[in-house]
Amino acid sequence: MTNLALFAVKTNKKHNPMKNIAVIGGGIVGLAIAYKLSLKQECKVSVFEKEGSQGQHQSGNNSGVLHCGLSYKPGSLKAQLAVDGIKQMVDFCVQNYVKHDVCGQVVVATSEEEINTLDNIAARGKSNGLKGLKYLSKLDLKQREPHVNARKALLVPEEGIVDYKGVMEKMVYKIKEAGHNVFFNAKIETLVETNNELIIKHNDKEYKFDLLISCAGLYSDITYQNLSKKKRPLRIVPFRGEYMRIKPEYHELVNHLIYPVPNPQYPFLGVHFTRMIDESREVGPNAVFALKREAYTSKGISLPEFYDSVTYRGFHKFIFKNFRFAMREFASSMSDKSFLKKAKKLVPDIELNMIERGVAGVRAQAMNTAGDLIMDFRIEKTDKQIHVLNAPSPAATSSLAIADYVIENYIN
Ligand SMILES: Cc1cc2nc3c(=O)[nH]c(=O)nc-3n(C[C@H](O)[C@H](O)[C@H](O)COP(=O)(O)OP(=O)(O)OC[C@H]3O[C@@H](n4cnc5c(N)ncnc54)[C@H](O)[C@@H]3O)c2cc1C
């Protein structure tokens, strides 16, 4: 190539102007997006998080599991992003010395009906590109998880456990290290949008942006309505997930991850057994309608938020269609015996004296006016705003892939 031609190539190269981007929400999805943007030279990012530190809600109060995409509907965003997301999350952990362990999971069928569902799920897993799926013989299962009761057990070797709090700490560090901002105690409920820019006020200062990405988790719908001034297309209904902790002297009941066959009607995976990354053992979570979006105990109530959920047409339809499910989950919240019954299905040796009440998390579950729970990730864009409206499990695992998806499809 002549010098002249080289010069032409250089001057013709498209030069992206600097983009100033605000991210609302310092959970794992907001931080993953901000982290990925911070790797791009043409972006300046500022994260606004209402709490005093990152990951105080869903991202810091979950099961700590790396999901590889077993049961998600092939072709759905969840299926695509879980498979890529788990690879990226494991790489991130390796590169940044975050504790994780790809220890594998067994999914356990305990009835004839569940065996059929398990077979369908295994086929889904294969078409989602999972590797190494296999049914365990009685002997293999006994060696791996001696206390499990199974009619059939599927080994999913790519599933794992991770320290999501450690992941988020590293993300915040890397975003700041690259010269970008992470503001805590920064609740954003209003902004001014002109033809050219978005203006956000924080601590009496005005910040100007070209674009905003909202990842507000349990408040994603309200944030959408407040900031875009448009009617929210769905409603977030909070479902608390309560865990029991297995006392240390009974840890041998669980070696890795033990899951029931998920009910394909619901996005919740059912009460499962988890060896956490700190070696503790948890059983749960259930899925109880919460009276407040950030209600971590059954006593937490906010009248406006409760009113917002129970006056929603979709909520009435959901309860009508799922009354038995809702009652069973409520019973497992009120009675340890009822919780234990769910756990005993997988590990019959577990008894009340072996467990104690543990932590809880609240899921932001999007619902539509028909009363259906929206299973897939959902993102909406207005002129200068991108809103991650529904990011249920496995959005923690998939967060880095969700970040790529948002950047490629909505920003570039
Ligand atoms: C009980 C439970 C178990 C789960 N288990 C797993 C699992 O094992 N593996 C997995 O991959 N996924 C799991 N999930 C799902 C996963 O945790 C979530 O999908 C993920 O954390 C969602 O991340 P997020 O950043 O969207 O939401 P969040 O973590 O909730 O973050 C949203 C943030 O936005 C902030 N915010 C809200 N409004 C504003 C505002 N106006 N201004 C500023 N900040 C605001 C909040 O304070 C919050 O920090 C689980 C979830 C729960 C609840």
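Small disclaimer: the values here were computed from a predicted structure and weren't measured. Each ligand, and each atom within it, is numbered from 1 in the order the structure gives.
For residues 380-404, every residue pair satisfying the ring pair (Phe, Tyr, Trp, His ring centres under 6.0 Å) rule, not counting sequence neighbours, is listed here: Y224-H387.
When hydrogens are left out, the protein atom nearest atom 34 (O) of ligand 1 is G25 CA, 3.3 Å; that is the closest non-hydrogen contact. Protein heavy atom in closest approach to atom 23 (O) of ligand 1: S59 OG, 3.2 Å. In this structure, atom 8 (O) of ligand 1 lies nearest to the protein heavy atom V65 N, 3.0 Å. The protein atom (non-hydrogen) at minimum distance from atom 11 (O) of ligand 1 is T397 OG1, 2.7 Å.
Distances from ligand 1 to the non-hydrogen atoms of F239 include no value under 4.0 Å.
Contact annotation: for L31 versus ligand 1, there are no heavy atoms closer than 4.0 Å. Contact annotation: for H67 versus ligand 1, heavy atoms closer than 4.0 Å belong to the side chain alone. Residue-level proximity to ligand 1 for P392 is carried by the backbone, the only part with a heavy atom below 4.0 angstrom.
The line from CG of D221 to CG of L389 is 7.5 Å long, rounded to the nearest 0.5 Å.
Both the sub-6.0 Å distance and the 45° axial angle are not jointly satisfied by R235 relative to the ring of F315.
The heavy atom nearest to atom 4 (C) of ligand 1, out of those in N390, N62, T223, is found in N62. The option from S393, P285, G64 that lies nearest to atom 14 (N) of ligand 1, judged by heavy atoms, is S393.
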